Undergrad: 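Just passing along the structure, written as structure tokens.
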Protein chains: 2
Amino acid sequence: MSTKSSPRAPQRSRTASLNRRERAIDHRAAGSAAAPTFKPIHTRRTFEEICERIREQLALGVLKPGDKLPAERELAQQLGVSRNVLREALRSLEMAGVLRLQKGVKGGAFIQQGDTRRMNEVMRDMLSLGTISVRELSEARVHVLDLVVQLACANARRADLDALEANIERTELATREGRLLDRVECSREFYKLLAASTGNKVIAMIVDSVTEIHMRFVYAKVASSGVAMARLAEKRRQFLAALSERNVALASRLLRSHLESVQRMLEQDPGAMSLHVALADVQPGLRR
Amino acid sequence: MSTKSSPRAPQRSRTASLNRRERAIDHRAAGSAAAPTFKPIHTRRTFEEICERIREQLALGVLKPGDKLPAERELAQQLGVSRNVLREALRSLEMAGVLRLQKGVKGGAFIQQGDTRRMNEVMRDMLSLGTISVRELSEARVHVLDLVVQLACANARRADLDALEANIERTELATREGRLLDRVECSREFYKLLAASTGNKVIAMIVDSVTEIHMRFVYAKVASSGVAMARLAEKRRQFLAALSERNVALASRLLRSHLESVQRMLEQDPGAMSLHVALADVQPGLRR
DNA sequence: TCCATTGAATGGGTGATCCATTTAATAATT
DNA sequence: AATTATTAAATGGATCACCCATTCAATGGA
């Protein structure tokens with residue numbers, strides 16, 4: 001530190017440590033015994049190298065949430081790369097939810113607590129790119145929610161049930177006051193709470209990611225047509241009762257039947273339900 | 001096109017279209033009726049804006065896999081931003097699996113077919129950051145695989161079963177030849193094939209993401225201790241038979257019991273099974 | 001016809017410079 | 001003494017002007 005070495009001095013051998021690594025050969029043999037393939041390589045770029053090194057420090061536990069990386073100018077010098085390319089790496093990590101960059105003195109790159117919403121983005125991109133279909137997503141959601149009900153019945157704690165109860169009350173209020181879009185937000189929250197009540201963050205993350213997309217469709221439908229699921233809060237109450245009694249079979253049946261009726265609602269007038277409408281963002285509450 | 005306007009001319013009003021947008025207020029009301037919060041904002045940065053615009057074009061279907069974006073220099077000019085900041089955006093999108101950048105004449109930024117492996121990275125980051133635990137991951141995996149067995153029994157096609165059969169044969173070969181680590185790779189592939197046989201890419205993606213991490217642990221264990229699951233191929237054969245007969249109950253039981261025995265194997269000598277060992281990469285076949 | 005050469009376009013990377021924000025230290029004011 | 005402005009430094013945000021390495025189509029010679 002402090003040895004800043006007079007500014008403007010272009011010391012550092014142009015292409016330094018990180019660049020120009022020899023190209024490794026891909027030796028994956030795996031399944032089909034022998035048959036060495038010689039393809040990938042892909043000329044490791046320096047920003048990839050940087051990302052990987054930082055992720056490595058993370059995996060090794062050297063870097064932990066809350067830690068701060070050196071300032072951009074300093075870190076760039078340490079790594080022997082230009083500040084610009086370092087920033088590309090930091091940007092990527094920031095988008096990945098690993099870092100957060102903060103301006104000002106005392107600012108810097110801080111390791112974040114993991115943001116589970118990242119999986120939502122993955123799902124959204126996969127859908128945008130046509131890698132997965134809406135049908136697959138809906139189907140997966142039904143199955144995963146079925147699993148969630150089982151786990152929630154087994155593991156839901158009192159606090160979880162209370163949170164669901166409170167959510168239902170908000171749903172009733174929104175219904176009475178005719179705030180249909182708020183009611184959709186309540187639904188989104190309902191599934192989030194339900195997922196959380198499984199006590200497993202991995203499951204919760206998965207459920208959230210498929211539900212987030214689904215709710216965009218519901219939102220778009222409600223916003224455009226003004227239709228609304230009848231007796232929503234009532235159905236929720238019945239479901240919560242079954243959950244509280246740890247009645248897996250009943251809870252499962254109730255939820256499944258509800259999901260089916262929502263699906264029917266969405267599938268009326270299918271023309272309006274284009275992917276684009278639902279994904280093309282800018283809907284309150286659904287923004288990150 | 002062609003109107004390149006004499007180079008070196010600094011036309012463009014310093015902070016152009018993309019920068020300096022007024023800060024919007026967050027109006028989410030959602031659940032708890034009224035009570036407008038005034039927090040987030042987060043000073044939109046230009047690279048975020050760029051990413052979002054490109055994703056928007058994607059969601060709208062204007063951009064599709066295979067399409068090419070304008071060259072960096074040109075696109076930067078179109079957007080009224082510097083090339084560097086545009087590159088930050090492109091980097092992020094590339095890391096997100098949305099784009100692929102290719103050098104040379106006829107190179108450029110090409111929209112990719114979605115890469116489902118991205119979810120693996122999310123899981124890995126969440127684990128590195130301590131947002132999810134190994135226990136949650138294992139538990140989720142067991143449950144999700146249970147679901148997979150149900151779906152595979154219902155939907156697996158002949159080709160899927162054949163692929164699994166071929167995989168088992170490779171496993172037997174690796175076993176006979178004592179290639180233990182290759183056998184782990186076979187296992188990884190087995191679950192990938194099993195997941196694919198559900199016919200649902202969303203489910204498959206989820207399974208792959210949890211399995212990828214799990215297999216790192218198995219790999220590390222096998223590599224360090226030389227232990228190996230006994231009668232692996234035999235167990236796989238039994239399972240495949242049950243699957244072929246669409247016998248959900250039996251297939252489910254067989255898989256669950258196998259998973260439990262693997263878990264027991266992993267949990268011997270727990271000291272060696274640190275997160276860091278398994279996550280700190282550089283294992284053949286597990287690289288992207 | 002075929003193969004070597006060349007040159008332009010493109011992404012990869014660098015270094016210098018400026019701006020805007022944030023915070024702590026300092027000075028001015030009450 | 002306490003409070004309030006002011007200032008200065010550090011940091012991320014962004015720009016500009018280059019240069020390099022790779023790729024591939026066009027060109028030209030054998």
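Atom set for the values below is all heavy atoms of this structure, side chains included, hydrogens, waters and symmetry mates excluded. Please read these numbers as outputs of a predicted model, since none were measured by experiment.
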Undergrad: In terms of the nearest nucleotide of DNA chain C, which residue is placed more toward the 5' end: A/Val85 or A/Gln102?
TA: A/Val85

Undergrad: From CG of A/Leu79 over to C1' of C/dG12, roughly how many Å is that when rounded to an integer?
TA: 17 Å

Undergrad: Nearest whole Å is fine: how far is C/dG13 P from A/Glu48 CD?
TA: 8 Å

Undergrad: Find the distance A/Leu101:CG to D/dA14:P and express it as a whole number of Å.
TA: 11 Å

Undergrad: Hey, is the side chain of B/Arg91 poking within less than 4.0 Å of OP1 or OP2 on C/dG12, counting only N and O atoms?
TA: yes

Undergrad: Listed by chain and number, what are the side chain to side chain donor-acceptor pair (under 3.5 Å) partners of B/Asn84, not counting sequence neighbours?
TA: none

Undergrad: Any chance NZ of B/Lys68 has more than 12 other-residue heavy atoms, nucleotides or ligands included, within less than 6.0 Å?
TA: yes

Undergrad: For DNA chain D, determine which residues of residues 104-111 of chain B have any heavy atom closer than 4.0 angstrom to one of its atoms, and list them numerically.
TA: B/Gly104, B/Val105

Undergrad: Give the nucleotide from the list C/dT10, C/dT21, C/dG12 with an atom nearest to the side chain of B/Glu72.
TA: C/dG12

Undergrad: Are B/Glu212 and B/Arg124 within salt-bridge range, i.e. N to O under 4.0 Å?
TA: no

Undergrad: So, is B/Ser82 near the phosphate of D/dC16, with a side-chain N or O under 4.0 Å from OP1 or OP2?
TA: no

Undergrad: Salt bridge or not for A/Arg170 and A/Asp182, using N-O below 4.0 Å?
TA: no

Undergrad: Whole angstrom is fine here: how far is it from NZ in B/Lys103 over to C1' in C/dA8?
TA: 15 Å

Undergrad: According to side chain to side chain donor-acceptor pair (under 3.5 Å), who are the partners of A/Asp208, at least two apart in sequence or on a separate chain?
TA: A/Lys192

Undergrad: Using the test side chain to side chain donor-acceptor pair (under 3.5 Å), find all partners of A/Arg87 that sit at least two apart in sequence or belong to another chain.
TA: A/Glu72, B/Glu88

Undergrad: Can you check the B/Leu90 CG to C/dG11 C1' distance for me, whole Å?
TA: 10 Å

Undergrad: Just by distance, do the side chain of B/Gln77 and the backbone of B/Glu74 share a donor-acceptor pair under 3.5 Å?
TA: no

Undergrad: For the helix from C/dT1-D/dA30 to C/dT30-D/dA1, figure out the bend between the end axes, five pairs an end, and round to 10 degrees.
TA: 10°

Undergrad: Rounding to a whole Å, what distance do you find between B/Leu86:CG and C/dG12:C1'?
TA: 13 Å

Undergrad: Would you please say whether a donor-acceptor pair under 3.5 Å links the side chains of A/Thr46 and A/Glu49?
TA: no

Undergrad: OP1 or OP2 of C/dG12 versus the side-chain N and O atoms of B/Arg87: is any pair under 4.0 Å?
TA: yes

Undergrad: Can you identify which nucleotide, out of D/dG13, C/dG12, D/dC16, has its nearest atom closest to the A/Asn84 side chain?
TA: D/dC16

Undergrad: Who passes side chain to side chain donor-acceptor pair (under 3.5 Å) against A/Ser92, sequence neighbours left out?
TA: none

Undergrad: Can you find a donor-acceptor pair, distance only, under 3.5 Å between A/Arg83 side chain and D/dG12 base?
TA: yes

Undergrad: Working to the nearest 0.5 angstrom, can you tell me the gap between B/Asp67 CG and B/Phe110 CZ?
TA: 10.0 Å

Undergrad: Given atom CZ of B/Arg45 and atom P of D/dA14, what is their separation to the nearest angstrom?
TA: 7 Å

Undergrad: Please confirm whether any donor atom in the side chain of A/Arg73 sits under 3.5 Å from an acceptor in the base of D/dG12, or the reverse.
TA: yes

Undergrad: Measure CG/B/Leu99 against C1'/C/dG11 and give the value in whole Å, please.
TA: 13 Å

